[in-house]
Number of protein chains: 2
Amino acid sequence: MPTPAAPPPAPAARRSDATRAAILEAARERFAADGYDRATIRAIARDARIDPSMVMRYYGSKEGLFTAAVSVDLALPDVSALPRDRAGEALVRHFLSLWEENEVLTAVLRVGAQSAAGAERTRDIFRDQLLPVAQRVCPDPEQAPARAALVASHLLGLALTRYVLRIPSAVDLSEGEIVAWLAPSVQRYLTAPHP
Amino acid sequence: MPTPAAPPPAPAARRSDATRAAILEAARERFAADGYDRATIRAIARDARIDPSMVMRYYGSKEGLFTAAVSVDLALPDVSALPRDRAGEALVRHFLSLWEENEVLTAVLRVGAQSAAGAERTRDIFRDQLLPVAQRVCPDPEQAPARAALVASHLLGLALTRYVLRIPSAVDLSEGEIVAWLAPSVQRYLTAPHP
DNA sequence: AGCGTTGGCCAACTGTTGTTGGCCAACCCG
DNA sequence: CGGGTTGGCCAACAACAGTTGGCCAACGCT
C-alpha cells in the first residue's frame, strides 16, 4: 500500500497543489530579493502566473503567506557527536552551505532587519536552534548564551555582508577561505576559556 | 569678528534652521527605528511637529531627506599611528562607541538590508572608509579587501544582532566582554598570515 | 447526464503614501 | 508704514497596496 490510510489531519492531495507550490516559490524569491514591504502580493502573483486574489484565498493574508513561505529549519549538525575542537569548522561549513543553497535564509534576514515582527522571528530561530547547540558544546552551560551570541554575530554578519549587502570583497571570498578564517574564531567563541 | 565674511557657498543662517534640524532629528530616529519604507514622511513630520509638505519643501523628496539625514563619517582612528598589534582592539572599541551613541548607523544598516540603493550606500561606506584603513595596516595590501571583508562581517554582524535584531544574548554582553572576545579575532583578520 | 465542488479571474473598495499647489500670517527692510 | 520675502499649513491628487466578493468554467462523483 502506497499511502497507509493517511495521517490524522490528512492534507489530502488537492488539485491546486501545483498552484500553491508556485505561489510559495515565487514568494520565497521575492521576499529574499526585496524584503517584506517591497515584495508585493501582486508581484508574487505575477511571478506565479495567477491572480493576486488566489494568494489571499490560499494563505489568508500577506502575513500568512510569509509565514508559510519561510519556515526555517537550520538542521544544525550534532556537534556533540564529533571531536570538540572540530565544532567551529563544522558550524561554519554548515552555515555556508545553508546560505548558498537556501534563499529562505536571506529572506528571513532581510525581514528581520525590516520589521519588529521579523526581528522576533529571527530571535526565535536563534533561541530554538543555535542556543541549544551552544549549550551542548560549551564547557560551562551558563556561558552558552554569550558564546552563542558571539557565534551568531559572526555568522549572521558574514551572511549580511555577502548575501544581503553584497559587498564585493565579501562576495569574492571563496568558501575555503571563509572556513579557514572563521572556523578558529567560532571555535574559540564556543570552547575557549573566558578571556 | 564672529563670522569672517562667510565661506563661498555661504549657507547663511535662515530663520527656519530650527525646523530643518527638527526634521532631520526626527528623520534619523524614524529611519533607525522603522527602516526606509515604514518611516513615513507623515510620521516624521508629526514627530517634528510640522506639516508633511514642509519636508518636501526643504528636502525635495523622501530620498533627499534620507540622504540629508544619514551622512556617515565613521571617523576611524589612524591605526597606523599605534602599535600594529593593537589595531584590532582599537577598531572594536571605536565601532562600539560609534554604535552606542549614533543611531544613524542603525538606520544605514536597516536601509542597507532593505533596498538596493541602501545596500549600495553601505558598500560605499565600506569601500571609502574601512578598506583604506585595512590597506594601511595589512602586511600585504593585496589581501586588504579580503581582510577588510572579514572584519566588516564580524563588526556589522555584531551591530546586527545587538542593535537591529536585538537578540537578548547579544544585548546583554558588556562592552568589556565584546572587546575581549572580538579584538583577537579582528586583530587576526587584519595582520595574521593567511592561514 | 446532472449537479455540487473546486480553481480561477475580474473588478472594485479602502486605506495609505509621496507629492503638489494655493493660501495665509509673520517677518524684514526701506 | 508697506510691500516683498519667508515659514507654515490645508486640502487635494494620483498611485499603489492589501483585501474582498461575485462570476464563470472545469472537474468529479453518482
Side-chain angles (χ1 to χ4, degrees), chain A residues 3 6 10-31 33-70 107 110-111 114-118, chain B residues 3 6 10-31 33-70 107 110-111 114-118:
Chain A
T3 334
R14 277 156 306 197
R15 189 153 41 101
S16 60
D17 280 351
T19 303
R20 290 179 134 91
I23 294 176
L24 276 193
E25 189 187 330
R28 273 190 270 264
E29 282 178 23
R30 283 284 177 179
F31 282 133
D34 302 337
Y36 188 82
D37 287 339
R38 301 195 178 185
T40 68
I41 285 193
R42 286 174 153 90
I44 293 171
R46 206 178 317 128
D47 289 355
R49 300 172 183 283
I50 44 89
D51 188 88
S53 64
M54 302 303 298
V55 177
M56 303 302 299
R57 180 178 292 199
Y58 291 146
Y59 297 99
S61 68
K62 186 179 183 178
E63 177 63 32
L65 172 63
F66 181 75
T67 303
V70 299
R110 272 220 156 85
V111 176
Q114 188 165 68
S115 73
Chain B
T3 335
R14 278 157 304 197
R15 190 153 43 98
S16 59
D17 280 352
T19 303
R20 290 180 133 89
I23 294 176
L24 277 192
E25 189 187 328
R28 273 189 271 264
E29 282 178 24
R30 283 284 178 179
F31 282 133
D34 301 336
Y36 188 84
D37 287 338
R38 302 196 178 183
T40 69
I41 285 193
R42 285 173 154 91
I44 293 171
R46 207 178 314 128
D47 290 354
R49 301 174 182 282
I50 45 90
D51 189 88
S53 64
M54 304 300 300
V55 178
M56 302 302 299
R57 182 181 292 213
Y58 290 146
Y59 296 99
S61 67
K62 185 177 184 180
E63 177 63 31
L65 172 64
F66 181 75
T67 303
V70 300
R110 272 221 158 85
V111 177
Q114 187 165 70
S115 73

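So you know, we letter chains A, B, ... as the sequences are listed, proteins then strands, and number each from 1.
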**Q** Looking at five pairs on each end of the helix from C:dA1-D:dT30 to C:dG30-D:dC1, what is the angle between the two axes, given to 10 degrees?
**A**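 The two end axes of the helix from C:dA1-D:dT30 to C:dG30-D:dC1 meet at 0°.
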**Q** Hey, can you pull the residues of residues 50-64 of chain A with a non-hydrogen atom under 4.0 angstrom from DNA chain C?
**A**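 A:Ile50, A:Asp51, A:Ser53, A:Met54, A:Arg57, A:Tyr58 - these, ordered by number, are the residues of the stretch whose heavy atoms sit under 4.0 Å from the strand.
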**Q** List for me each residue that meets salt bridge (charged side-chain N to carboxylate O under 4.0 Å, His left out) alongside A:Glu63, sequence neighbours excluded, and say none if there are none.
**A**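 Here the qualifying residues are A:Arg121.
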**Q** Test: side chain to side chain donor-acceptor pair (under 3.5 Å). Region: residues 40-50 of chain B. Which pairs qualify, not counting sequence neighbours?
**A** B:Arg30-B:Asp47
**Q** To the nearest 0.5 Å, tell me how far A:Arg20 CZ sits from A:Met54 CE.
**A**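 Taking CZ in A:Arg20 and CE in A:Met54, the distance rounds to 8.5 Å.
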**Q** May I ask you to test the B:Val111-B:Val70 pair for a side-chain heavy-atom distance under 4.5 Å?
**A**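 A side-chain contact under 4.5 Å is absent here.
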**Q** If you walk 5' to 3' along DNA chain D, what is the first nucleotide with an atom under 4.0 Å of a heavy atom in chain B, and what is the last?
**A** D:dT6 to D:dA12
**Q** Output the distance between atom CZ (B:Phe66) and atom CD1 (B:Ile41), rounded to the nearest 0.5 Å.
**A**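 It comes to 13.0 Å.
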**Q** Name all residues meeting the salt bridge (charged side-chain N to carboxylate O under 4.0 Å, His left out) criterion together with A:Asp51; count only those two or more places apart in sequence or in a different chain, and write none if there are none.
**A** none
**Q** Rounded to the Å, how far apart are A:Asp17 CG and C:dT6 P?
**A** 13 Å
**Q** Which of parallel (below 30°), tilted (30 to 60°) and perpendicular (above 60°) describes B:Phe31 and B:Tyr36?
**A**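 Geometry flag for B:Tyr36 against B:Phe31: parallel rings.
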**Q** As an exercise, state the distance from CG of B:Asp34 to CD of B:Glu29, rounded to the nearest 0.5 Å.
**A** 10.5 Å
